[in-house]
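Numbers here are sequence positions counted from 1. On a predicted model such as this, the values are computed, not experimentally measured, just so you know.
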Amino acid sequence: MSTLVRVLAVSHVHPDEAAVGAAWPPPNTVELSFLDSFQVARGGIQRLFFYEGDDLPPFQSIVGALQSSLAAALPVFLPLAGKLAYLPESGDVVIDYSPEAVSPGVRFVEAEYSGSVDDMRRLAGDDEHQIEAFLQLVPELEVSMLPAPLLAVQVTRPRDDNVGGGGAGGAVAVGVAIHHGVADGQSVWQFIKAWAAAARGGSPAAGPGLVPPTFDRSMIRHPKVDGHQLSRTFLHKMSPALPVVTPLPMGVDMSQQRRRTFLLNAGEIESLKQRISESDAGREQLRNRLSTYVAISSLAWTSIVRAKSLDAADKVYFMVSADCRRRLRPPADEGYFGNCVTTCVAKAISGDLSAGSDDGLAGLARAAAAIQRAIREGLEVPFGNSERWLDGATATTPPVRSFTRSGSSHRYMAYETDFGWGAPSRAELATVYGDEVVMMLGAADGGVQVSVVLRRALMDAFATNFQLMVGLGF
């Protein structure tokens, strides 16, 4: 991988001492749930935001604002300022947010992109991802050995930085990494929203759309087995040499991978939902109202299947990560900060999703029905199959020819991430596990951003199918 980003400075941000106050009650540790433990070997969730425009402040002002607001937000999310630590006497891994663990601070990187302002703007504007650049614009987390940090930030300017000067406008990239062992997607956005609120001069703990975080893992319970023992099983089978963490196989050859982003506006989404629901197959097969998430997932899944050279009888799979906070009994707190998702796998036959002369509506309806069914069954007993997750996580080869993963959610309103200089021009999830992934984010005016990862040879055919089936509604 070529070096596109040069590190200018590395500092560390500490929680505001005055705001921490009494936030250090003993024992200063959080025991991981079995859902957290399953993610320890995955490392960081990396989010990337681009900002541009004539009104951007000077780079050092941006750095200062992000650092001071991060210091204000950390007391509310104090465990994030700590470490993921191994306790050899018990064999457990915990979040350690004792004063000693928090004292090093959160790593904050200032960097420079090798391209110009215009180059960075093109990087943010292109539908096709420049994978190498995206990965270098987000911070790394050193997670291969415990204790390991939980949070890192990187802010990157272009080489000919004009931010705030000369009326030429500018560009800047903000990258955030949070350890997957302590957070799922909803938790990541919970923190980013609070941080952005602090940057705009508000409170990171209270305000529109903000809820105080809860780190209490006691609300995460397995329906059939001892959760604490399952947590240890996950940890020690996936990383048998703790405190050395064995990274999960990525299953990705990035040289053979393409990533591309598509934007569906609100009208296209409503038309898609209506056409699927009102089709003959939709009326026959759909049991529930068709959600935006299921409609777009069915569009992406059928487009992937159509892009492949599969036999009509080949089995195809689509994995959904479903949030379970409200499905627990009793429900988890709205502000629960940690991993709280279960996997739901939709199953179908290739020919059922790709065949037909009805503009693909029958295939879309069958895909949507399969995804609805998988989510419904997966949420009947949340985490009921989690003891079998190890089989898929540790596999070195894919078990089937066509297995698509979905990630993120259109409910995550990434384009509302305003640190005081407006909405981002682009937001992306840089972390990808697998070579066949569909990710969604909420976009402006009711739209949805769909970012797709595929093997290089499949992307053009996928894009043709995806855009064709969207365009048929108009």
* To do: Check the angle between the aromatic planes of Phe134 and Phe50 and answer parallel, tilted or perpendicular using the 30° and 60° thresholds.
  =>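 Tilted.
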Are any side-chain N or O atoms of [X] and backbone N or O atoms of [Y], one a donor and one an acceptor, separated by less than 3.5 Å?
| X | Y | result |
| --- | --- | --- |
| Gln372 | Asn288 | yes |
| Arg232 | Ser90 | yes |
| Ser406 | Met319 | yes |

Salt-bridge test for [X] and [Y]: reply yes if a basic N is under 4.0 Å from a carboxylate O, no otherwise.
| X | Y | result |
| --- | --- | --- |
| Lys83 | Asp96 | no |
| Glu278 | Arg283 | no |
| Glu436 | Arg455 | yes |

If you measure from [atom1] on [X] to [atom2] on [Y], what distance do you get to the nearest 0.5 Å?
| X | Y | atom1 | atom2 | result |
| --- | --- | --- | --- | --- |
| Arg426 | Gln449 | CZ | CD | 6.0 Å |
| Asn339 | Leu32 | CG | CG | 9.0 Å |
| Leu264 | His410 | CG | NE2 | 11.5 Å |
| Ile349 | Ser354 | CD1 | OG | 11.0 Å |
| Thr246 | Met238 | OG1 | CE | 9.5 Å |
| Arg366 | Ser279 | CZ | OG | 9.5 Å |

* To do: Begin from the C-alpha positions of Ser11 and Gln67 and carry the test side chain to side chain contact (heavy atoms under 4.5 Å, CB included) through to its verdict.
  => CA-CA 10 Å; Ser11 57; Gln67 289 178 331; 3.1 Å; yes
* Asked: Which heavy-atom pair separates Gly181 from Asp36 by the least distance, and what is that distance?
  ->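 In terms of heavy atoms, the two residues are closest at O-CB, 3.0 Å.
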* **Check against side chain to side chain contact (heavy atoms under 4.5 Å, CB included), Arg325 and Asp333** => CA-CA 7 Å; Arg325 284 166 173 79; Asp333 291 348; over 6 Å; no
* To do: Applying side chain to side chain contact (heavy atoms under 4.5 Å, CB included), name anything that partners Pro382, two or more places apart in sequence or on another chain.
  =>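 Pro382 satisfies side chain to side chain contact (heavy atoms under 4.5 Å, CB included) with Cys324, Arg327, Leu328 once adjacent residues are dropped.
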Compute the centroid of each ring, for [X] and then for [Y], and state whether the two points are separated by less than 6.0 Å.
| X | Y | result |
| --- | --- | --- |
| Phe419 | Trp195 | yes |
| Phe108 | His12 | no |
| Tyr415 | Phe49 | no |

* **Candidate pair Glu31 and His228, rule side chain to side chain contact (heavy atoms under 4.5 Å, CB included), full reasoning** => CA-CA 9 Å; Glu31 184 177 297; His228 184 252; 2.9 Å; yes
* Asked: Quick one: which of Val188, Val138, Leu151 gives a side chain to side chain contact (heavy atoms under 4.5 Å, CB included) with Val176?
  ->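 Among the candidates, only Leu151 passes.
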* To do: Return yes when atom CZ of Arg326 has more than 12 non-hydrogen atoms of other residues, nucleotides or ligands closer than 6.0 Å, and no otherwise.
  =>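 No.
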